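Right, one structure below, let's go through it.
Remember, it's a predicted structure, so these values are computed and weren't measured experimentally.
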Amino acid sequence: MTDYYADNHERSEPTLGGQRDDSPAPQENNQARQRPQTPGVGIAHERRDERRYIRVARTFQVKMEDGTLFDGVDLSQGGFAIHSERPLRSGARIKASLLILAGGAELTIPVSAECRHCTATAQGRSHTAGFEITDISPGHLELLRRVIRASLSGREVDVEGLMAGEDPQTPRKRRNEAGMSAPQSAQRPPKPLGRYVALFMAFGVLALVAAATAYRNFMLIEPSFAAVTAPRIDIRAPGPGILQAHDLQAGDRVERDAKLTSVKNVDLESDLILAKAAQNYNSKLIENLQNNIDSGANQVSLANSAKPANGESVSFETVSPEIAQARIDQFETARDFQNSRITALEARQSQNEIYSPCNCLVAWALSSSDGTYINESEKIMTLIRTGENDIMVEALVHMDDIDNIDPNQKAYISLPHTSGPISARVRSVALDIERQPRAGFPNWVRQQQNVASVLLVPEKPLPADAVGTPVDVRFTEAPLIGTTAEWIWQGGRAVGQLFGGIFGLFTGDEQEAQTSGNLSQSG
């Protein structure tokens with residue numbers, strides 16, 4: 001429906017402010033639309049009887065209800081102006097849609113408007129018609145206001161900017177009508193003191209942890225290296241042979257006198273079999289000679305050797321009974337020797353059966369797969385004692401600090417992933433380790449120069465699986481201050497590990513999450 005066109009094409013409707021002939025030609029208008037908009041450019045003020053708001057010149061189109069498109073000239077919250085090849089009838093009421101580009105999207109704002117004036121350009125080739133918006137929904141009016149505010153601020157309109165919660169023109173606070181009409185209180189209500197108390201408490205705790213950390217690092221004695229150790233027992237092969245199968249692995253517990261494994265010595269077994277055969281041979285010779293002598297024979301058949309040499313057959317000779325009796329004594333001596341040899345071989349063979357010397361924990365075991373051959377004195381297993389007062393902490397202290405450490409002095413042990421220190425007492429201070437070898441301490445660390453070995457007995461028993469774990473040790477000469485500083489530092493570390501574990505759960509860091517789990521279990 002095109003009843004908004006005027007009947008007379010030459011007709012122009014002047015406004016109260018006079019005829020507007022400053023509208024550019026179509027080509028000039030197109031060039032103006034292509035030029036980038038700058039803040040303040042295209043802003044025009046108008047009289048109250050025309051439009052009630054500031055107009056902005058920007059690129060938009062007006063789509064009539066019948067589908068006709070017109071290029072826009074300027075836009076405000078109260079109306080808009082368009083270019084038309086034909087004059088429009090003053091007072092015509094239309095329903096149209098404002099098509100406004102917003103970045104890569106196009107905004108459509110449906111409005112109802114009334115034509116207020118239609119003015120021909122200086123050349124008379126086109127007309128500029130001004131419309132007043134008579135009906136628009138509140139949501140579309142707010143959208144139109146956002147578009148105009150963005151144009152006034154010099155920003156390019158985009159959908160993200162329109163969705164922002166604050167107008168882009170100015171950051172000042174905008175009060176709604178209800179807020180403007182509400183009476184303001186003469187005095188602002190006081191802020192709650194709880195937030196300030198919590199803030200000061202947080203600063204106080206932070207300062208306390210910092211002071212405890214400084215005291216711990218600079219006032220307490222720190223060793224070069226410390227680890228959890230226990231007495232070590234090395235199980236070695238009694239002789240060469242093949243290691244028999246066993247199911248022991250590191251971490252298994254064994255009871256006292258429990259069978260660990262055995263070594264099969266083929267040469268020892270062969271010697272034992274031959275010794276038993278020689279004993280049986282001599283016993284038979286003695287029995288046969290004694291029977292012949294007892295029968296009263298004048299001549300007795302006698303073997304020329306008590307032991308067959310190199311598996312050769314034994315020759316016999318005929319002797320008198322007196323000589324045969326003397327040879328019986330020789331055969332008995334040879335039989336007694338074989339009995340002793342058998343006893344010795346059986347004793348050696350019994351040593352190939354290896355049993356546990358204590359209630360211990362297996363620290364290392366040689367694999368017995370595929371018939372492992374071992375030599376004499378080769379290590380088969382390593383056991384550690386886990387009885388009462390067996391698991392201790394060994395620390396290497398520099399010689400410059402060893403004068404400040406005395407027996408029975410108090411120290412603090414910090415295991416990884418624990419929430420508190422463990423008190424300990426100095427047992428001994430020596431320049432070398434004890435004669436009893438201890439497991440859990442690297443040999444290369446013991447080779448350090450200018451250090452002394454300090455053994456610590458923890459007041460709380462340490463777990464057996466902690467043997468070999470490096471620990472943090474601090475020696476103190478002032479137990480009260482040292483204990484306070486250690487507990488504060490440990491609490492700060494526990495809180496840090498807890499928050500690190502929570503952060504790891506949210507970020508997917510498995511290591512941080514595992515640390516948090518170990519901390520919660522140890523706490």
Side-chain angles (χ1 to χ4, degrees), residues 209-232 384-386 388-434 436-494 496-497 515 518-519 522-523:
V209 172
T213 303
Y215 180 84
R216 185 178 185 272
N217 293 335
F218 295 104
M219 302 303 295
L220 301 183
I221 301 175
E222 179 183 5
S224 301
F225 183 81
V228 181
T229 61
R232 185 182 75 239
I384 56 176
R385 295 182 181 272
T386 58
E388 186 177 0
N389 296 329
D390 284 336
I391 300 178
M392 293 183 288
V393 173
E394 183 177 353
L396 295 183
V397 182
H398 198 272
M399 295 300 296
D400 296 338
D401 300 325
I402 203 66
D403 294 339
N404 299 323
I405 299 178
D406 300 321
N408 205 35
Q409 184 176 340
K410 196 168 186 179
Y412 301 99
I413 303 170
S414 300
L415 292 174
H417 312 310
T418 56
S419 58
I422 300 175
S423 300
R425 294 287 179 180
V426 177
R427 174 184 174 183
S428 62
V429 180
L431 297 179
D432 55 354
I433 61 174
E434 295 182 344
Q436 169 68 47
R438 303 188 68 83
F441 214 86
N443 293 328
W444 60 269
V445 178
R446 298 187 187 277
Q447 298 175 2
Q448 296 185 21
Q449 303 296 326
N450 299 328
V451 292
S453 176
V454 179
L455 281 179
L456 302 173
V457 180
E459 297 180 359
K460 175 183 176 181
L462 299 179
D465 54 0
V467 174
T469 303
V471 295
D472 190 9
V473 177
R474 292 292 189 277
F475 299 91
T476 179
E477 297 178 347
L480 181 60
I481 301 177
T483 302
T484 305
E486 188 69 19
W487 275 103
I488 293 175
W489 185 85
Q490 290 287 345
R493 189 188 70 163
Q497 290 178 346
T515 302
N518 295 337
L519 178 62
S522 61

Inset, instruction - Apply side-chain contact (heavy atoms from CB on, under 4.5 Å) to Leu456 and Val426, showing your working. - result: CA-CA 5 Å; Leu456 302 173; Val426 177; 3.6 Å; yes

Inset, instruction - Report the distance from atom OG1 of Thr229 to atom CD1 of Ile384, rounding to the nearest 0.5 Å. - result: 10.0 Å

Inset, instruction - Measure the CG-CD1 distance between Leu396 and Ile402 for me, rounded to the nearest 0.5 Å. - result: 9.5 Å

Legend entry - Minimum heavy-atom distance Met392-Leu455, with the two atoms named: CE-CD1, 4.3 Å

Inset, instruction - Determine whether Pro407 and Arg427 make a side-chain contact, defined as any pair of heavy atoms from C-beta on separated by less than 4.5 Å. - result: no

Legend entry - Arg425 and Gln409, any side-chain heavy atoms less than 4.5 Å apart: no

Inset, instruction - Check the pair Leu462 / Leu415 against side-chain contact (heavy atoms from CB on, under 4.5 Å), numbers first and verdict last. - result: CA-CA 10 Å; Leu462 299 179; Leu415 292 174; 4.0 Å; yes

Inset, instruction - Provide the closest heavy-atom pair for Arg385 versus Ala230 in the form atom of the first, atom of the second, distance. - result: O-CB, 3.5 Å

Inset, instruction - Search all heavy atoms of Asp403 against all heavy atoms of Asp406 and return the closest pair with its distance. - result: O-OD1, 4.2 Å

Inset, instruction - Kindly write out the residues that satisfy side-chain contact (heavy atoms from CB on, under 4.5 Å) with Pro442, not counting sequence neighbours, or none if the list is empty. - result: Phe225, Trp444, Val445

Inset, instruction - Over all heavy atoms of both residues, which pair between Pro458 and Ala424 is shortest? Give the atoms and the distance, please. - result: CA-CB, 3.8 Å

Legend entry - Minimum heavy-atom distance between Ser224 and His398, given as atom pair plus value: OG-N, 4.5 Å

Legend entry - Minimum heavy-atom distance Gly440-Val467, with the two atoms named: CA-CG1, 4.2 Å

Legend entry - side-chain contact (heavy atoms from CB on, under 4.5 Å) assessment of Phe475 paired with Val454: CA-CA 11 Å; Phe475 299 91; Val454 179; 4.1 Å; yes

Inset, instruction - Using the test side-chain contact (heavy atoms from CB on, under 4.5 Å), find all partners of Ala464 that sit at least two apart in sequence or belong to another chain. - result: Arg253, Leu361, Thr386, Ile391

